[in-house]
Amino acid sequence: MPYYRVVGEIPRKRHVQFRRPDGGLYAEELMGEEGFSSDSSLLYHRHLPTAIVKAEAVAQTTGAQTTGAQTTGARLEPNLPLSPRHFRTQELGSAGDLVTGRIVLAGNGDVRLSYATTDQPSELYRNSMGDECVYVQSGRVRFESTYGAIDAREGDYVVVPTGTIHRWVPEGRVNALAIEAAGHIRPPRRYLSQYGQFLEHAPYSERDLRAPAEPLLAEGEEVPVLVRTRGGLTRLFYRNHPFDVVGWDGCLYPYAFNIEDFEPVVKKTHAPPPVHQTFEGPGFVVCSFCPRPLDFHPESVPIPYNHHNVDSDEFMFYVGGDYSARRGSGIDVGSVSLHPAGFTHGPQPGAVEAVIDAVSRGVTTTSEMAVMVDTFRPLDLGPGALACEDTDYAWTWAR
Ligand SMILES: [Fe+2]
């Protein structure tokens, strides 16, 4: 995160004695990225954050239907024969909570993209492989962590830094897309000043980011935390509840950003997806396609031209409104399209003519809303994708 935040009680200087009301010392913990060389925060615990009493390996299994299998072990298949794909996440049922119930749609060595639908709270979880960005497609869910809580709602991207102990507590049914990186997810560098402040041309700013506002304290003994590392899954049991932080400060913390707060950039003729970029991670970008005025050149074609991004696979999750370019393809809210490198994609037949006609009848805006993840290495297909694929999609341009 680019800016400094302080929550709860902290001492005036870092690394000095900071005492509890009973005279004992709070335990200071640094959470820092890139080996003391990037963003960090200092957290003050009531108990030692090192005190574990037990460690259990958690078995990994594979397959789309097995509860818990998706957290690490889902087997991925190459996109062969190469083709554009359409997955209907609406057809996927619940496989568990927002952590163990992630049904893998696609992934590669840089990022894994999973869908989850649930009304169940997760156990405490720490992903030590990378940052996560969980997009809440629908419903409300409380994100609880050592940094405090965030009340997340439809349209929120919740960015969870590597190693954050947290859990998800839905209020009713929640549908979400989990973007799991093998590194850190950040606002695009070009949106920030050299010191990390959002620049005026950025499509969002610090005011749009919501982070924990107060400490979250809980009691408990021998508290299990599911930990994910490259080696697999472990359940560590902490002597005391990890939610024991009375205060923290720094530039590293979880936050939420709502897609409604994205400020779309519009051009006179059609603007390419980099104007919609929201986050970047190692080997991928995340873009938000939001309702906006249509391109306003009198002869504009206000939907995408055919394009072949030779270095990218394009994973598009349709989350709201009407996506004009995919008209007649069967794609609807809840659908995912995957347009891989090696295939030129573009509007469905008749879509260009239809939008030009709509403009001639006075339509000036698009209601489309979509979350796009463009990866720079090919995406393999997960068991969730293969379980809900519309196998006719590839041929819809030739109809
Ligand atoms: Fe595209």
Side-chain angles (χ1 to χ4, degrees), residues 79 82-89 105-108 110-111 113 133 135 137 157 177 179 188 203 259 262 264-267 269-281 283-295 300-356 366-381 385 389-390 392-399:
N79 182 1
L82 179 76
S83 50
R85 309 274 182 160
H86 171 203
F87 312 122
R88 299 180 188 274
T89 64
L105 299 171
N108 60 25
D110 299 318
V111 65
L113 305 163
C133 175
Y135 179 80
Q137 180 201 0
Y157 295 97
L177 177 75
I179 302 167
I259 198 166
F262 191 89
V265 175
V266 175
K267 285 177 66 218
T269 59
H270 199 68
V275 301
H276 307 300
Q277 192 181 347
T278 311
F279 301 110
E280 64 186 14
F284 69 94
V285 298
V286 179
C287 298
S288 305
F289 290 75
C290 296
R292 60 191 185 279
L294 289 169
D295 320 329
S300 76
V301 177
I303 54 174
Y305 32 86
N306 300 306
H307 52 288
H308 188 171
N309 294 333
V310 298
D311 298 314
S312 299
D313 274 19
E314 176 198 282
F315 176 103
M316 181 89 85
F317 183 38
Y318 302 83
V319 298
D322 186 21
Y323 207 87
S324 308
R326 298 276 85 82
R327 186 173 175 271
S329 68
I331 279 177
D332 202 351
V333 171
S335 291
V336 166
S337 63
L338 173 61
H339 298 140
F343 167 74
T344 297
H345 65 275
Q348 250 51 46
V352 169
E353 292 79 1
V355 73
I356 289 172
T366 171
S367 63
E368 71 187 28
M369 195 176 274
V371 171
M372 185 179 84
V373 182
D374 259 18
T375 65
F376 306 138
R377 291 199 283 176
L379 283 168
D380 294 329
L381 306 179
E389 184 173 9
D390 161 18
D392 287 336
Y393 177 68
W395 328 118
T396 55
W397 287 272
R399 276 186 198 145

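Both counts, for ligands and for their atoms, begin at 1 and track the order of listing.
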ask   = Under 6.0 Å from the CZ atom of R327, do we count more than 12 heavy atoms belonging to anything else shown?
value = no
query = Any idea how H345 and F343 line up, ring-wise: parallel (<30°), tilted (30 to 60°), or perpendicular (>60°)?
reply = parallel
Main-chain N/O of T396 paired with D392 side-chain donor or acceptor, under 3.5 Å = no
key: Sub-2.8 Å protein N, O or S atoms surrounding the Fe ion (ligand 1)   = H307 NE2, E314 OE1, H345 NE2
task = Hey, could you give me the CZ/CG distance between F284 and N108, rounded to the nearest 0.5 Å?
result = 9.5 Å
ask   = So, does T278 use its side chain to make a donor-acceptor pair with the main chain of S288 at under 3.5 Å?
value = yes
query = Who passes ring pair (Phe, Tyr, Trp, His ring centres under 6.0 Å) against H276, sequence neighbours left out?
reply = F289
